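Below is one structure; the comments refer to it alone.
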Amino acid sequence: MLSSSYLTNDRVRTVTDPEINEEIDNDIEGNVRFYSIQNPITIRRRIKDLDEEWDVERVLELNASTLAFTGIALGALGSKKWLLLSALVTGFLAQHAIQGWCPPLVILRKLKIRTRKEIDMEKFALLQALEKREAHK
């Protein structure tokens, strides 16, 4: 089901522990197996959920902006040392933009936060299952 060629140029997957990638892939395959035999309404609901699922990039961006803003606010209201938090977080975000990796990514991937490509793999497999099901009516 999973096309390795589609996922090979996924920078986050490239820097993620292969065991975590395998767990995520197994979850995707299990979801596709489960949902592809459900009724069309359930499959469409799952596809809608996948469209709304936050990918790892979005989670990183929200966390980084929240922490950076917190560091600025605390630095303005209290000790200037809090500005180091903003510097650290924006440094991590820049590192991720350049290399595709940053320390928080390790935690997010262990939490099985998926890349957009991984989410789309499940979505497109379910769309194919839905098309096949509706073609056989």
Side-chain angles (χ1 to χ4, degrees):
M1 194 264 321
L2 291 176
S3 170
S4 60
S5 63
Y6 179 72
L7 296 173
T8 52
N9 60 355
D10 188 326
R11 292 178 333 134
V12 171
R13 282 185 64 89
T14 302
V15 297
T16 299
D17 181 335
E19 288 181 16
I20 293 172
N21 283 336
E22 186 175 346
E23 288 176 22
I24 290 170
D25 293 346
N26 290 338
D27 289 348
I28 293 169
E29 289 176 4
N31 289 342
V32 171
R33 274 194 306 277
F34 175 79
Y35 283 102
S36 64
I37 61 172
Q38 303 302 312
N39 65 59
I41 293 169
T42 303
I43 296 172
R44 283 189 190 94
R45 191 175 303 132
R46 177 63 181 164
I47 291 168
K48 182 179 181 296
D49 290 344
L50 291 168
D51 284 337
E52 295 172 1
E53 183 176 332
W54 283 34
D55 62 62
V56 70
E57 302 289 337
R58 188 173 182 188
V59 172
L60 272 172
E61 290 165 0
L62 177 64
N63 286 330
S65 62
T66 301
L67 288 171
F69 179 73
T70 300
I72 291 169
L74 291 172
L77 299 172
S79 172
K80 299 291 183 209
K81 291 179 183 179
W82 281 107
L83 295 175
L84 292 173
L85 176 62
S86 297
L88 181 69
V89 169
T90 55
F92 284 164
L93 196 56
Q95 179 183 18
H96 178 68
I98 293 166
Q99 298 176 337
W101 182 86
C102 63
L105 187 63
V106 175
I107 296 165
L108 295 176
R109 293 296 281 172
K110 283 183 180 179
L111 293 171
K112 297 185 180 179
I113 308 292
R114 303 189 291 179
T115 67
R116 177 52 44 196
K117 285 185 178 185
E118 291 166 339
I119 295 166
D120 286 346
M121 288 288 294
E122 181 176 335
K123 176 183 171 182
F124 294 133
L126 291 177
L127 284 168
Q128 287 178 337
L130 189 60
E131 287 174 9
K132 282 182 188 177
R133 182 174 278 232
E134 290 178 344
H136 284 73
K137 283 187 176 180

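This one's a predicted model, so the numbers in the text were calculated from it and none came from an experiment.
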Salt bridge Arg13-Asp25, side-chain N to carboxylate O under 4.0 Å: yes
Heavy atoms from other residues, nucleotides or ligands near CD1 of Ile41 exceed 12 (cutoff 6.0 Å): no
Hydrophobic cluster membership, Ile28 vs Ile20, 4.5 Å side-chain cutoff: yes
Rounded distance [0.5 Å steps], CD in Gln99 versus OG1 in Thr14: 13.0 Å
Full working for side chain to side chain contact (heavy atoms under 4.5 Å, CB included) between Glu122 and Leu126: CA-CA 6 Å; Glu122 181 176 335; Leu126 291 177; 4.1 Å; yes
Closest heavy-atom pair and its distance - Gln38, Phe34: NE2-O, 3.0 Å
From CG (Leu130) to OH (Tyr35), nearest 0.5 Å: 14.0 Å
Pairing residues for Asp27 by the side-chain hydrogen bond (donor to acceptor under 3.5 Å, both in side chains) criterion, not counting sequence neighbours: Lys112
Joint cluster assignment, Leu60 & Val89, ILVMFWY side-chain distance < 4.5 Å: no
Residues that Glu23 engages under side-chain hydrogen bond (donor to acceptor under 3.5 Å, both in side chains), provided they are two or more places apart: none
Rounded distance [0.5 Å steps], OG in Ser36 versus CZ in Arg133: 7.5 Å
Residue pair Glu53 / Asp49, side-chain heavy-atom distance below 4.5 Å: no
Side chain to side chain contact (heavy atoms under 4.5 Å, CB included) assessment of Ile43 paired with Ile47: CA-CA 6 Å; Ile43 296 172; Ile47 291 168; 3.9 Å; yes
All pairs passing salt bridge (charged side-chain N to carboxylate O under 4.0 Å, His left out) where residues 95-106 contributes a residue, at least two apart: none
Other residues, nucleotides, ligands: >12 heavy atoms within 6.0 Å of Glu52 CD: yes
Side chains of Leu84 and Leu88 in contact at under 4.5 Å (non-hydrogen atoms): no
Flag side-chain contact, heavy atom, 4.5 Å: His96 against Glu57: yes
Listed pairs under 3.5 Å, donor-acceptor, residues 65-76 side chains, sequence neighbours left out:
| from | atom 1 | to | atom 2 | distance (Å) |
| --- | --- | --- | --- | --- |
| Ser65 | OG | Glu61 | O | 3.1 |
| Ser65 | OG | Leu62 | O | 3.0 |
| Thr66 | OG1 | Leu62 | O | 2.8 |
| Thr70 | OG1 | Thr66 | O | 2.7 |

Interatomic distance, Lys117 atom NZ to Lys123 atom NZ [nearest 0.5 angstrom]: 15.0 Å
Sidechain N-carboxylate O distance under 4.0 Å for Arg116, Asp120: yes
Joint hydrophobic cluster, Val15 plus Val56, side-chain heavy atoms closer than 4.5 Å: yes
Glu22 atom CD: more than 12 heavy-atom contacts under 6.0 Å: no
Flag for Thr115-Asp55: side-chain donor and acceptor within less than 3.5 Å: no
Listed partners of Asp17 passing side-chain hydrogen bond (donor to acceptor under 3.5 Å, both in side chains), at least two apart: none
Trp82, CH2 atom: more than 12 neighbouring heavy atoms under 6.0 Å: no
Ile119 CD1 to Phe124 CZ distance, which is reported to the nearest 0.5 Å: 11.0 Å
Just list the side-chain donor-acceptor pairs under 3.5 Å for residues 102-110, sequence neighbours left out, or say none.
| from | atom 1 | to | atom 2 | distance (Å) |
| --- | --- | --- | --- | --- |
| Arg109 | NE | Thr16 | OG1 | 3.1 |
| Arg109 | NH1 | Ile113 | O | 3.1 |
| Arg109 | NH1 | Glu118 | OE1 | 2.8 |
| Arg109 | NH2 | Asn21 | OD1 | 2.8 |
| Arg109 | NH2 | Glu118 | OE2 | 2.9 |

